[in-house]
Amino acid sequence: MSLSVNLPNLTIGVDAFDAIDEYCSQFGTTVAILGGEKALAASKERLTAALEKSSLEVATVQVYGKEASYTNVEKMKAIKEVQDADMIFAVGGGRAIDTIKVVARDLDKPLFTFPTLASVSAPTSSVCVMYHDNHEMAGLAYRKAPADHTFIDTQIIAEAPVEYLWAGIGDCMSKEVETSFSSRGRDLSFENRLGVNIVKGTNDKLMAVGAEALEAVRNQEANQALEDVVLEIIGASAYASVLVENDINSNMAHAYYYGYTVLPQAHEHLHGEVVSYGILLLLTMDQQFEYRDRMKAFMESIKLPTKLAAQGVTTQEDIDKLVDKAMTMDDLTFSPYTITREKFEQAIRDVEALD
């Protein structure tokens, strides 16, 4: 059986958009720009200036909607200018980009991503996290490969609200923990071994420079710490996501998040903010207490939630609903031992009991 490995390609820096013509012109001349309303506004000046220096023409600019749903996928696919464009530019955060990744897949169009936030690895990964219109998790959609190229303008990211980088750090921390746990005891294939190892050290880097990167965003100034953190979130994390099989790509931290999406308060909290608490659950259940305590101390230092109440989970009914959903997720299936409901609930009790 043949093996195909399609890795993310990216350009990063305050002048990243200067590379647009070099990477995109080989695919044609007309571009459909799709994205979130705020993202399109935030990137307009810098993206327009770069396109004016290129050989590309903008066929249409469209706001995708507000949710990574198949409703919005179909809405974008129905636009004639999108159908006729040579390529698609996806501009925004994770939900916008994941939606547009599916649009480009279904229309068989070259895709280029332009993250305006560093909150998740969506711009460089091939998996698309999809939701129902009511914000509840709907499942995952897959592309054969990541976007053809990703352009990361660090000044745009520096000017985004700081909570998105904050949540991005929370999400990124899960990749090293979950892939290491899910792959334990397995005879890993070439690509799985690469993927698991490529994120080793990611959390040490995040803990070393994460606070400095957050301060850079508060000051709206791109610096080396910000670039380092963005490369872990949109770079290393995505390489791991692309390389490792789906069954070892995530585990309990993401199952916790998907469970959380059934609660009405889910729309008030960011993906990585919630996933980060799930990391503490996994490390506690797996008795990696020293590592957990280091992670918890760092999370507390940058004010990521380490208690349910910080996520608006205050009743046993909420916990029961969350765990009901979490236990249905495939993320838990591929573990070095069976994760029972009892283990899941005990991990929550143990984390809640920590000082």
S.K.: On a heavy-atom basis, which atom in A326 and which in L332 lie closest, and how many Å separate them?
M.R.: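 In this case the closest contact between A326 and L332 is O-CD1, 3.4 Å.
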S.K.: Do I100 and V31 belong together in a cluster built from hydrophobic side chains that touch within less than 4.5 Å?
M.R.: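 No; tracing contacts between hydrophobic side chains, which count when under 4.5 Å, never links both residues.
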S.K.: With a sphere of 6.0 Å drawn around CZ of F190, does it hold more than 12 non-hydrogen atoms of other residues, nucleotides or ligands?
M.R.: no
S.K.: Step by step, would you call T60 with Q62 a side-chain hydrogen bond (donor to acceptor under 3.5 Å, both in side chains)?
M.R.: CA-CA 6 Å; T60 186; Q62 298 285 339; 2.9 Å; yes
S.K.: Got a salt bridge between K343 and D350, using NZ or NE/NH1/NH2 to carboxylate O under 4.0 Å?
M.R.: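 A salt bridge is absent here (no side-chain N lies under 4.0 Å from a carboxylate O).
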S.K.: Do you reckon L282 sits in the same ILVMFWY cluster as F334, going by side-chain contacts under 4.5 Å, direct or chained?
M.R.: no
S.K.: Given side-chain contact (heavy atoms from CB on, under 4.5 Å), test E136 with K325 step by step and report yes or no.
M.R.: CA-CA 10 Å; E136 183 178 338; K325 176 73 171 183; 3.6 Å; yes
S.K.: Return yes if a side-chain donor-acceptor contact under 3.5 Å exists between Q288 and D286, otherwise no.
M.R.: yes
S.K.: Could you give me the CA-CA distance, side-chain angles and deciding distance for N251 and S335, then say whether side-chain hydrogen bond (donor to acceptor under 3.5 Å, both in side chains) is met?
M.R.: CA-CA 8 Å; N251 202 277; S335 304; 3.0 Å; yes
S.K.: Quick one: do the N223 and E215 side chains pair a donor with an acceptor below 3.5 Å?
M.R.: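 Note: N223 and E215 side chains miss the donor-acceptor criterion.
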S.K.: Within a strict 4.5 Å, meaning less than it, do heavy atoms of the F298 and M173 side chains meet?
M.R.: yes
S.K.: So which atom in I97 and which in A122 form the shortest heavy-atom distance, rounded to 0.1 Å?
M.R.: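 That closest heavy-atom pairing would be CG2-O, 3.9 Å.
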S.K.: Does CD in E290 sit with more than 12 non-hydrogen atoms of other residues, nucleotides or ligands closer than 6.0 Å?
M.R.: no
S.K.: Using side-chain heavy atoms (C-beta onward) and a distance below 4.5 Å, is D204 in contact with M207?
M.R.: yes
S.K.: Got a list of side-chain donor-acceptor pairs under 3.5 Å for residues 80-91, not counting sequence neighbours?
M.R.:
unit_1, atom_1, unit_2, atom_2, d
K80, NZ, D84, OD2, 2.5
Q83, NE2, K77, O, 2.8
D86, OD2, T29, N, 2.8
D86, OD2, T30, N, 3.1
D86, OD2, T30, OG1, 3.2

S.K.: Hey, can you tell me if Y277 and Y256 have their rings parallel, tilted or perpendicular (30° and 60° cut-offs)?
M.R.: tilted
S.K.: Can you name the nearest heavy-atom pair linking Q155 to A222, along with the distance?
M.R.: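 Nearest pair, atom of Q155 first, then A222: OE1-N, 3.7 Å.
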S.K.: Between the side chains of D331 and S250, is a donor N or O closer than 3.5 angstrom to an acceptor N or O?
M.R.: yes
S.K.: For E245 and N249, test the side chains for any donor-to-acceptor distance below 3.5 angstrom and give the result as yes or no.
M.R.: no
S.K.: Any chance you could lay out the side-chain hydrogen bond (donor to acceptor under 3.5 Å, both in side chains) test for T99 and N72, step after step, and finish with the verdict?
M.R.: CA-CA 7 Å; T99 304; N72 287 326; 5.6 Å; no
S.K.: Does L188 share a hydrophobic cluster with L7, counting links as ILVMFWY side-chain heavy atoms below 4.5 Å and allowing steps through other members?
M.R.: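 Each belongs to a different hydrophobic cluster.
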S.K.: Could you check Y131 against Y258 for ring-ring contact (aromatic ring centres under 6.0 Å, His included), going step by step and ending with a plain yes or no?
M.R.: CA-CA 10 Å; Y131 297 82; Y258 298 138; 7.8 Å; no
S.K.: Strictly by modelled atom types, are T340 and E342 linked by a side-chain donor-acceptor pair under 3.5 Å?
M.R.: no
S.K.: When you compare the side chain of Q265 with that of Q311, does any pair of heavy atoms fall below 4.5 Å?
M.R.: no
S.K.: R46 side chain to V14 main-chain N or O, any donor-acceptor pair under 3.5 Å?
M.R.: yes
S.K.: State which residues pass side chain to side chain donor-acceptor pair (under 3.5 Å) with S119; sequence neighbours excluded, sorted by chain then number.
M.R.: none
S.K.: Would you say the side chain of V177 lies within less than 4.5 Å of the side chain of M295, judging by non-hydrogen atoms?
M.R.: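 They are in side-chain contact.
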S.K.: Is the closest side-chain donor-acceptor distance between S43 and T116 under 3.5 Å?
M.R.: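 Per modelled atom types, S43 and T116 side chains form no pair under 3.5 Å.
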S.K.: Taking the basic N atoms (NZ, or NE/NH1/NH2) and the acidic carboxylate oxygens, is any pair closer than 4.0 Å for E317 and K321?
M.R.: yes
S.K.: So, for P115 and P123, which heavy atoms are closest and what is the spacing to 0.1 Å?
M.R.: CB-CG, 3.6 Å
S.K.: Tell me, with the steps shown, if D15 and D18 meet side-chain contact (heavy atoms from CB on, under 4.5 Å).
M.R.: CA-CA 6 Å; D15 55 356; D18 289 347; 3.5 Å; yes
S.K.: Step through the shown structure and confirm whether more than 12 heavy atoms of other residues, nucleotides or ligands are within 6.0 Å of CG on D330.
M.R.: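 No, because the 6.0 Å sphere around CG of D330 holds 12 heavy atoms or fewer from other groups.
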S.K.: Do L56 and I20 come close enough that some side-chain heavy atom pair is under 4.5 Å?
M.R.: yes
S.K.: With rounding to the nearest 0.5 angstrom, report the OG to CD1 distance, S237 to I234.
M.R.: 10.0 Å
S.K.: Report yes or no: do N203 and Y291 form a side-chain donor-acceptor pair below 3.5 Å?
M.R.: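 On atom types as modelled, these side chains qualify, holding a pair under 3.5 Å.
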S.K.: Assess whether side-chain contact (heavy atoms from CB on, under 4.5 Å) is satisfied between V102 and R143, documenting all intermediate values.
M.R.: CA-CA 7 Å; V102 178; R143 292 170 50 87; over 6 Å; no
S.K.: For N9 and H149, does a side-chain donor sit closer than 3.5 Å to a side-chain acceptor?
M.R.: no
S.K.: Indicate the atoms forming the closest heavy-atom contact of V199 with A236, along with that distance.
M.R.: CG1-O, 3.5 Å
S.K.: Could you please spell out the steps behind the salt bridge (Lys or Arg N to Asp or Glu O under 4.0 Å) verdict for R95 and D98?
M.R.: CA-CA 5 Å; R95 297 197 183 207; D98 276 349; over 6 Å; no
S.K.: Crowded around K75 NZ? As in, over 12 foreign heavy atoms under 6.0 Å?
M.R.: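 Atom NZ in K75 is crowded, with more than 12 foreign heavy atoms closer than 6.0 Å.
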S.K.: Using distance alone, with no hydrogens and no angle criterion, decide if Q316 and D320 have a side-chain donor and acceptor under 3.5 Å apart.
M.R.: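 Distance-only check passes for Q316 and D320.
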S.K.: Can you tell me how the ring of F151 sits relative to the ring of F114, calling it parallel under 30°, perpendicular over 60° and tilted otherwise?
M.R.: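 Because their plane-to-plane angle is under 30°, the rings of F151 and F114 count as parallel.
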S.K.: Decide, yes or no, whether a salt bridge links D133 with K66 under the criterion of side-chain N to carboxylate O below 4.0 Å.
M.R.: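 So D133 does not pair with K66 through a salt bridge.
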S.K.: Looking at G13, is its backbone amide N or carbonyl O close enough to the side chain of E227 to form a donor-acceptor pair, meaning the two atoms are under 3.5 Å apart?
M.R.: no
S.K.: How about Y260 and H269: do any of their side-chain heavy atoms sit closer than 4.5 Å?
M.R.: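 They are in contact (side-chain heavy atoms under 4.5 Å apart), so the answer is yes.
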S.K.: Would you tell me whether E176 and T202 have side-chain atoms, one donor and one acceptor, within less than 3.5 Å of each other?
M.R.: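 The criterion, which ignores hydrogens and geometry beyond distance, is not satisfied for T202 and E176.
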S.K.: Taking D148 for its side chain and L111 for its backbone only, find out whether a donor-acceptor pair lies under 3.5 Å.
M.R.: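 Pair found, side chain donor or acceptor close to backbone of L111.
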S.K.: I'd like to check M285 versus I339 (side-chain heavy atoms, cut-off strictly below 4.5 Å). Are they in contact?
M.R.: yes
S.K.: Does NZ in K307 sit with more than 12 non-hydrogen atoms of other residues, nucleotides or ligands closer than 6.0 Å?
M.R.: yes
S.K.: Answer yes if I157 and V209 sit in the same cluster of Ile, Leu, Val, Met, Phe, Trp and Tyr residues linked by side chain heavy atoms under 4.5 Å apart, and no otherwise.
M.R.: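 As far as the 4.5 Å side-chain criterion goes, V209 and I157 are connected within one cluster.
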S.K.: Does some side-chain heavy atom of T113 sit less than 4.5 Å from a side-chain heavy atom of L10?
M.R.: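 The answer is no; the side chains never approach within 4.5 Å.
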S.K.: So if you build clusters from Ile, Leu, Val, Met, Phe, Trp, Tyr with side-chain heavy-atom gaps below 4.5 Å, do I152 and W166 land together?
M.R.: yes
S.K.: Sort out for me which residue in I348, V351, T315 forms a side chain to side chain contact (heavy atoms under 4.5 Å, CB included) with L308.
M.R.: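 That would be I348.
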S.K.: Search all heavy atoms of P146 against all heavy atoms of S126 and return the closest pair with its distance.
M.R.: N-CB, 3.9 Å
S.K.: Give the intermediate values and the outcome of side-chain contact (heavy atoms from CB on, under 4.5 Å) for residues C128 and Y142.
M.R.: CA-CA 6 Å; C128 312; Y142 297 94; over 6 Å; no
